[in-house]
Amino acid sequence: SDRAQRAPLLGREDPAETQHHDRRWRGVLGLVGAAAACALCSRWALGGPPEGGRARSVDAEVVSFAGDSEHCSGHPGYGAQEARSWTLPASSRSACYETYHGSYNGKDMPPGDRNWCWVGLKRLGCHARLGYRLSWREMNGIAHQSGGLNPPEPFFPLEDPQVCDAQPYGATRAWSDYEKSTARAWFQENVHVVVLNLPMNRARWTYMNARLKELEIDATRVDGVDMRWESALADAMAEGLIPKDFDLEVAKVEAWKSGLGGILGRVGCASAHFRGQKNALKSGKPLAVVFEDDVWPERDFVMRVWQLVREELPCDWEAVSLSSKCPFGKCVSKHLTRVQPDGNEPKVSCRGGVNYGFQGMMYRTSKLEAMQKKWQKVVFNAEHPQCLDVDVAFASMSDEVAYYAVPFVQNPGFLSEIVSTSSRQTVDGGNPASTSCSAHAGCKGMIGECCPTAVGVQLGCCGEKLQTCGSIESGVDFVVESAWGYSVDHITSPDQCCHLCQKQTKCNAWTWVKNAGAGGQCWLKGGQVVSKIKKEGVVSGLSSVVTEDNTARLVQASLKEAHKQLLNALSKMSMMEITGVMQEGPLPGTSAHSKSEVASRHASSCPQVLTNMEYRLESANAWAVHTDHVHNPDACCAMCNKEEACVSWTFVKDAKLGGSLPTQCWLKGGNVTGVARKEGIIAGLRA
């Protein structure tokens, strides 16, 4: 038909040409909720609780939330959501069954158990392009162009798509200073943040935490659950993460029958989310955000959450996915869908294939405990292993839970995914070929962690012991004094950039650029870091590890290197050159400097003396003290040598103190990373 040709499957609505949801109707609903609250309060005041003696009915609970202006918008909500399906004539369903069955999981199902037209649309339109921010209208067109059948009856995976199913709805808005400060105060008071992180991927926590600190978000790291450990299942059951009647061996058999393959990663992922939720319950805060460790929250994440909760989230909400792929349900506001069960798929498979993504989940903690009990029963059903995908299982419960979601199409939205190896898939595909191999001493108890796996992959041994990069900073670009360096495209995560730097002997620092137009870009840099520039969308670090245990060792190494450079420079210079004037540039003795850069007129006890230059230290919070009215640089040097914590000293000729001796001596601790031009000072390292 003409309609089908213009808009196959999804109809003709164009989000760019259609008005938003009627805000006045939402206002009316808010008044209705308030009126209901007054009527209910009056009834209780005159005649006690509702009939039957129940202190709180479901309606009363929604009304009570409606008065909670800090944690919802005032809208009462959308009530129970029944499973919705695509109504098609038998001829269309039969044609799609003949076309698609046998190509996907569930191929043994009879024609009536799945809507195979819907299976084709999902797989060709959405699943094949999960990383692309596309609306259902666009995905439908792609599916049709890829050879998908085109039944004449339209279907809307998201009802009212003009309200939220388009990229522009995720655009960054201009926040006032007042909004920013108010949002940050609200977030800190109301939201507990958890990051799920496997011990084998500890480096990811380093990068994730750096980004969160940049955004002024305090987070708690929670260990993921690695089911390759021999005691992992028993430990998870004892902790209450997995029901004690769950039969993992039965689930494995059923998974192989249905074509899922390994499931240890799925079991561990679900268990980790339940552990993160339990941590949130202990926080005492009304809301919680649970992140997986491979996400990148946008720079205005805090403001977005504040706005979403107070202006859009209905008061019946219990959980929100902050980035949902292949969304199924109904657009209810500019940034939200109300998730619905997908009636096109059988309930025994948890209606899988839509509402993917648990990288960022927000919960109402008062609802978590009861919700988790229902959820665990659905996830850990050994006879239905498709439900082990925790996001799929939760979406199938959306007729029982008030579940909302932000469509992934919105760009940039609340967060984006760092493309890296999936921890879940690593574990799923890493079932050991045998459990009798000789493991590294630090990996005792790990099944096959140090052995070739069934799929021929050599897994890393005890990932938390592997060398990681140091001085990780998000939103900061490291500037170095060396001309050596180059970039590598298609580097999708900071940890990959770090590893590239560690493999290159000349590399001392690196910067990963998230949105470089090349799928992520890694800059490898030589020489010492001389300055740091704030820059959105980048992560930087050093190739070496900086921890509390080895900071002292790195400081000593830095001092030895400075001594080496100094002696090398002095050996090539005449006495006149040695007493010459310092020129601007990086550390003395490097190729970028002239020989007159080293001044030693005050070198009786501290030979690494620079004039009109200052040593830069790695940590902004490093130890430092100062003393006023110090007579000369020699005295400042001597003070540094007497102070155990002192690594470098700086003598300021005129500190604006007044009088005949306006000088000042600064003693500093920390790791020396470079030098910077600064007039009117003399600086040196401890002897």
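All figures in this text were calculated on a predicted structure; none of them were measured in a lab.
- The side chain to side chain donor-acceptor pair (under 3.5 Å) test applied to Trp205 returns no partner, not counting sequence neighbours.
- When all heavy atoms of Ala509 and Val480 are compared, the pair lying nearest together is CB-CG1, 4.2 Å.
- By the 30° and 60° cut-offs, the orientation of the rings of Phe358 relative to His273 is perpendicular.
- Just one of Val295, Leu308, Asp300 meets the side chain to side chain contact (heavy atoms under 4.5 Å, CB included) condition when paired with Phe414; it is Leu308.
- Closest non-hydrogen pair, Ala288 versus Thr365, comes out as CB-CG2, 3.9 Å.
- Side chain of Trp512 to backbone of Asp495: no donor-acceptor contact under 3.5 angstrom is found.
- Counting non-hydrogen atoms of neighbouring residues, nucleotides and ligands closer than 6.0 angstrom, the CZ atom of Arg310 exceeds 12 such neighbours.
- A salt bridge between Lys668 and Glu614 is present, with a side-chain N of the basic residue lying under 4.0 Å from a carboxylate O of the acidic one.
- Put simply, the side chain of Thr511 does not reach to within 4.5 Å of the side chain of Lys535, judged on heavy atoms.
- For Arg686 (side chain) and Glu643 (main-chain N/O), a donor-acceptor pair under 3.5 Å exists by modelled atom type.
- Atom CD1 of residue Ile533 and atom CZ of residue Phe478 lie 11.5 Å apart, to the nearest 0.5 angstrom.
- Residues satisfying the salt bridge (charged side-chain N to carboxylate O under 4.0 Å, His left out) criterion with Arg211, sequence neighbours excluded, are Glu214, Glu536.
- Cys522 has its SG atom 2.5 Å or further from the SG atom of Cys501.
- Arg275 places a side-chain N or O within donor-acceptor distance of the main-chain N or O of Asp223, the cut-off being under 3.5 Å.
- Under the side-chain contact (heavy atoms from CB on, under 4.5 Å) criterion, Thr182 pairs with Tyr178, Trp306, sequence neighbours left out.
- Applying the side chain to side chain donor-acceptor pair (under 3.5 Å) test to Asp218 and every residue at least two apart in sequence or in another chain returns nothing.
- With hydrogens and angles disregarded, no donor-acceptor distance shorter than 3.5 Å links the side chain of Thr492 to the backbone of Gly520.
- The distance from atom NE2 of His192 to atom CG of Asn279, rounded to the nearest 0.5 Å, is 4.0 Å.
- Between Gln521 atom CD and His490 atom NE2 the span is 9.5 Å, to the nearest 0.5 Å.
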Evaluate the side-chain contact (heavy atoms from CB on, under 4.5 Å) criterion for residues Glu298 and Ser416: first the C-alpha distance (whole Å), next the side-chain angles of each, then the deciding distance (0.1 Å), finally the verdict.
CA-CA 7 Å; Glu298 290 301 319; Ser416 55; 3.8 Å; yes
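- Using a 4.5 Å heavy-atom threshold, the side chains of Thr663 and His631 count as separate.
- Residues satisfying the ring pair (Phe, Tyr, Trp, His ring centres under 6.0 Å) test with Tyr486, not counting sequence neighbours, are Trp484.
- Residues Ile491 and Val488 approach most closely at CG1-O, 3.5 Å, considering heavy atoms.
- Taking each heavy atom of His71 and Asn190 in turn, the nearest pair found is NE2-OD1, 2.7 Å.
- Taking the side chain as every heavy atom from C-beta outward, Asp634 and Phe651 never approach each other to under 4.5 Å.
- Taking OG of Ser493 as the start and CZ of Arg204 as the end, the distance is 7.5 Å to the nearest 0.5 Å.
- Looking only at distances, no side-chain donor or acceptor of Glu179 sits under 3.5 Å from a matching main-chain atom of Met303.
- In this structure, CD1 on Ile681 lies 9.5 Å from CH2 on Trp649, to the nearest 0.5 angstrom.
- Listed by chain and residue number, Ser324, Met361, Tyr403, Ala405 satisfy the side-chain contact (heavy atoms from CB on, under 4.5 Å) test with Ser321 (two or more places apart in sequence, or in another chain).
- For Phe301, the ring pair (Phe, Tyr, Trp, His ring centres under 6.0 Å) test picks out Phe291, with sequence neighbours left out.
- The shortest side-chain heavy-atom distance between Asn197 and Met208 does not fall under the 4.5 Å cut-off.
- Partners of Gln277 by side chain to side chain donor-acceptor pair (under 3.5 Å), not counting sequence neighbours, listed by chain and number: Tyr363, Gln372.
- Annotation: disulfide bond (SG atoms under 2.5 Å apart) contacts involving residues 651-687, sequence neighbours excluded, comprise Cys636-Cys665.
- Salt bridge present: Lys532 and Glu473 bring a charged side-chain N and a carboxylate O closer than 4.0 Å.
- Put simply, the side chain of Arg133 gets close to the backbone of Phe408: a donor and an acceptor are under 3.5 Å apart.
- Two residues are said to be in side-chain contact when any heavy atoms from C-beta on lie closer than 4.5 Å; Ile418 and Pro494 meet this criterion.
- The side-chain contact (heavy atoms from CB on, under 4.5 Å) test applied to Val302 returns Ala183, Arg184, Phe187, Ile217, not counting sequence neighbours.
- Residues Asp293 and Asn201 have side chains in contact (heavy-atom distance under 4.5 Å, counting atoms from C-beta outward).
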Should Met362 and Leu313 be marked as a side-chain contact (heavy atoms from CB on, under 4.5 Å) after you check the CA-CA gap, both sets of side-chain angles, and the distance that decides it?
CA-CA 11 Å; Met362 184 164 64; Leu313 266 175; 3.9 Å; yes
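- When all heavy atoms of Gly276 and Leu196 are compared, the closest pair comes out as CA-CD2, 3.9 Å.
- Gln410 pairs by the side-chain contact (heavy atoms from CB on, under 4.5 Å) definition with Cys164, Tyr169, His335, Val406, Pro407, not counting sequence neighbours.
- Remark: side-chain polar atoms of Asn411 are not paired, donor with acceptor, to backbone N or O of Gly170 under 3.5 angstrom.
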Evaluate the salt bridge (charged side-chain N to carboxylate O under 4.0 Å, His left out) criterion for residues Lys325 and Glu417: first the C-alpha distance (whole Å), next the side-chain angles of each, then the deciding distance (0.1 Å), finally the verdict.
CA-CA 12 Å; Lys325 298 176 181 178; Glu417 188 175 358; 2.9 Å; yes
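- In this structure Lys213 satisfies the side chain to side chain donor-acceptor pair (under 3.5 Å) test with no other residue, sequence neighbours excluded.
- No side-chain heavy atom of Lys678 sits under 4.5 Å from any side-chain heavy atom of Met613.
- The minimum heavy-atom distance linking Pro412 with Thr172 is given by the pair CG-OG1, 3.8 Å.
- Using a 4.5 Å heavy-atom cutoff, the side chains of Val191 and Val309 are not in contact.
- Atom CG of residue Leu524 and atom NZ of residue Lys503 lie 11.5 Å apart, to the nearest 0.5 angstrom.
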